[in-house]
Number of protein chains: 2
Amino acid sequence: MTLNTLVDHSNCEDCPIRHRAVCARCDADELVALEEIKYYRSFEAGQTIIWSGDQMNFVGSVVSGIASLTQTMEDGRTQMVGLLLPSDFVGRPGRDSAPYDVQATTDVVMCCFRKKPFEDLMGRTPHIAHRLLQMTLDELDAAREWMLVLGRKTAREKIASLLSIIARRDASASQKGSSGPIVFDLPLTREAMADYLGLTLETVSRQISALKKDEVILLQGKRHVTVPDIGRLMEEAGDDSDGGFLV
Amino acid sequence: MTLNTLVDHSNCEDCPIRHRAVCARCDADELVALEEIKYYRSFEAGQTIIWSGDQMNFVGSVVSGIASLTQTMEDGRTQMVGLLLPSDFVGRPGRDSAPYDVQATTDVVMCCFRKKPFEDLMGRTPHIAHRLLQMTLDELDAAREWMLVLGRKTAREKIASLLSIIARRDASASQKGSSGPIVFDLPLTREAMADYLGLTLETVSRQISALKKDEVILLQGKRHVTVPDIGRLMEEAGDDSDGGFLV
DNA sequence: CGGTCCATTGAAAGTGGTCAATACGGGTGG
DNA sequence: CCACCCGTATTGACCACTTTCAATGGACCG
């Protein structure tokens, strides 16, 4: 049982999210202060990291893997309200209880800080506060972008939107040229996609099959996706295909 | 033509949003600095305050009235992604072009700051930066709350959700006891409600009629609403009726 | 009085949901 | 090694809800 392993403090300078996380703007002194209060935790795919309503005694950054924020109604309907990718921040300084479930969608490693020391440090370190503001504004933009998807797009457009986001993220991560096929593995089950898109898993499955039939995407197995023409996929998503290429 | 009137600088101490806006935590000195760069602008109902893609040369707070943030797809489908009430902040420090249309839903008065001086001041004034972070986190929570409404609720629940939010806000504003009927005027047209809820205006109209027929709400005219039992309305919204009463 | 804007209501059509059967793949244990 | 099982995914048939298209009504105003 190695679910919640505490890992050795490793060097922030070598951290894969050093330049994008909440610590991105910290100088050497500030990193030292952070290193003193940080610790790592690992979670297995499917594990709940934080339960909605629970006391939050830490905040932190996703180092690797994908986590999700989910809301649930009493009758069981659920809606994913955020996807947390590496470098994304979890938790809210100045609030005690968690407003959403946080779940590990894949295996996840987090860089955690106990909340109180982090809040104190933030009060003394404008670099952290400012970066957190910037990241929060970005998340707000992403949430609003997603409101358009949820409120106004058809099932097919919703699927295309999700695939195009994942495809473009992977394309920019692997530094490929801006044309040519994009290949990636879906990090989400059909059910998780449905929860993100406000659909049922059956509809997700049908629309993926339809996009495959129309050769907008190719599938090998159930998770391995090839996008021969990202512009075509973005048209299907109802987006301008000439928009900014890197998200 | 008095659309964009510059109004006399009035005293921040007397401002109706003094304790809730981005300046809420400022002390006297900081208020003086803000007063030096602030100016008022008025907008008529229906007027567009900022066009998506435009250069933003100011940021500011809604002093009175209601404004909306709206996204539009190429084919004309629109989704409202935020409602701006008095004290809400408009604009994003550190970004030049506006990501959404901002429209005056009712007549609106804004307290504006030219962007550059405001950014400079924010860099020197942690009270402002910290308050803005707090407000942004609140907006992010509200946006995510709304994602559940858009993604998972039925038309009837969506209408009930919107009415319950407006009703509770009005009840808390008028400091009424926590029981008894709530009366208010809808600040939105049926079309604006539809854009907010991801519905058509016909569906909005039908569901309002249905809630009226079932006596969840009473209507006088088209805009004047009485909610005899807020708990009942919240049940219809699919929310826990025992949740925190003040939003 | 006619025009415009906002809202309501009806009938028909279509999209996505529900329920149910089946398939696929990876693991375990006989 | 094969049988079995479980979680995940696909597909079909039917149905419900929301949209679409269209007609009508009321309030306000020139």
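Every chain is numbered from 1 and lettered A, B, ... according to where its sequence line falls, protein lines coming before strand lines. Note that the structure is predicted; figures quoted are calculated from it, not measured.
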### Task
Using the test salt bridge (charged side-chain N to carboxylate O under 4.0 Å, His left out), find all partners of A:E145 that sit at least two apart in sequence or belong to another chain.
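Salt bridge (charged side-chain N to carboxylate O under 4.0 Å, His left out) list for A:E145, sorted by chain: empty.
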Would you give me the side-chain donor-acceptor pairs under 3.5 Å for residues 202-222 of chain B, sequence neighbours excluded?
{"from": "B:T203", "atom 1": "OG1", "to": "B:T200", "atom 2": "OG1", "distance (Å)": "3.0"}
{"from": "B:S209", "atom 1": "OG", "to": "B:S205", "atom 2": "O", "distance (Å)": "3.0"}
{"from": "B:D214", "atom 1": "OD2", "to": "B:R156", "atom 2": "NH2", "distance (Å)": "2.3"}

### Task
Using ring pair (Phe, Tyr, Trp, His ring centres under 6.0 Å) as the criterion, list what pairs up with A:F58, not counting sequence neighbours.
none
In whole angstrom, what separates [X]'s [atom1] from [N]'s [atom2]?
X	N	atom1	atom2	answer
A:Q220	D:dA9	CD	P	17 Å
A:L197	C:dG17	CG	P	10 Å
B:E157	D:dC17	CD	P	12 Å
B:R77	D:dT19	CZ	P	12 Å
A:D75	C:dT18	CG	P	11 Å
A:M193	D:dT10	CE	C1'	14 Å

Tell me, please, which residues at least two apart from [X] pass side chain to side chain contact (heavy atoms under 4.5 Å, CB included).
X	value
B:N57	none
A:D138	B:R92, B:R95
B:D75	B:M73, B:R77

### Task
Can you tell me which residue pairs pass the salt bridge (Lys or Arg N to Asp or Glu O under 4.0 Å) test with a partner in residues 186-199 of chain A, sequence neighbours excluded?
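Applying salt bridge (Lys or Arg N to Asp or Glu O under 4.0 Å) to every pair that reaches into residues 186-199 of chain A, excluding sequence neighbours, yields A:D195-B:R152.
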Could you tabulate the donor-acceptor pairs under 3.5 Å formed by side-chain atoms of residues 159-167 of chain A, not counting sequence neighbours?
{"from": "A:S161", "atom 1": "OG", "to": "A:K153", "atom 2": "NZ", "distance (Å)": "3.1"}
{"from": "A:S161", "atom 1": "OG", "to": "A:E157", "atom 2": "O", "distance (Å)": "2.7"}
{"from": "A:S164", "atom 1": "OG", "to": "A:R168", "atom 2": "NE", "distance (Å)": "3.3"}
{"from": "A:S164", "atom 1": "OG", "to": "A:R168", "atom 2": "NH2", "distance (Å)": "3.0"}

Could you go over nucleotides 6-8 of chain C and give all protein N or O partners under 3.5 Å, atom names and distances?
{"from": "C:dA7", "atom 1": "OP1", "to": "B:R223", "atom 2": "NE", "distance (Å)": "3.0"}
{"from": "C:dA7", "atom 1": "OP2", "to": "B:R190", "atom 2": "N", "distance (Å)": "2.9"}
{"from": "C:dT8", "atom 1": "OP1", "to": "B:R190", "atom 2": "NH2", "distance (Å)": "3.2"}
{"from": "C:dT8", "atom 1": "OP2", "to": "B:R190", "atom 2": "NE", "distance (Å)": "2.7"}
{"from": "C:dT8", "atom 1": "OP2", "to": "B:S205", "atom 2": "OG", "distance (Å)": "2.6"}
{"from": "C:dT8", "atom 1": "O5'", "to": "B:S205", "atom 2": "OG", "distance (Å)": "3.1"}

### Message
Any non-hydrogen side-chain atom of B:W146 less than 4.5 Å from a side-chain atom of B:V81?
### Response
no
### Query
If we only count heavy atoms from C-beta on, is the B:L201 to B:M193 side-chain gap below 4.5 Å?
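No, every pair of side-chain atoms sits at 4.5 Å or beyond.
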Extract all donor-acceptor atom pairs below 3.5 Å that involve side chains of residues 99-113 of chain A and protein atoms in other chains or at least two apart in sequence.
{"from": "A:Y100", "atom 1": "OH", "to": "B:D141", "atom 2": "OD1", "distance (Å)": "3.1"}
{"from": "A:D101", "atom 1": "OD1", "to": "A:S52", "atom 2": "N", "distance (Å)": "2.7"}
{"from": "A:T106", "atom 1": "OG1", "to": "A:I66", "atom 2": "N", "distance (Å)": "2.9"}
{"from": "A:D107", "atom 1": "OD1", "to": "A:A45", "atom 2": "N", "distance (Å)": "2.7"}

Which atoms of nucleotides 13-16 of chain C (N or O only) lie under 3.5 Å from a protein N or O atom, and what are those distances?
{"from": "C:dG16", "atom 1": "OP1", "to": "A:A155", "atom 2": "N", "distance (Å)": "2.6"}

Please list, for nucleotides 4-7 of chain D, all pairs of protein and nucleotide N/O atoms separated by less than 3.5 Å.
none

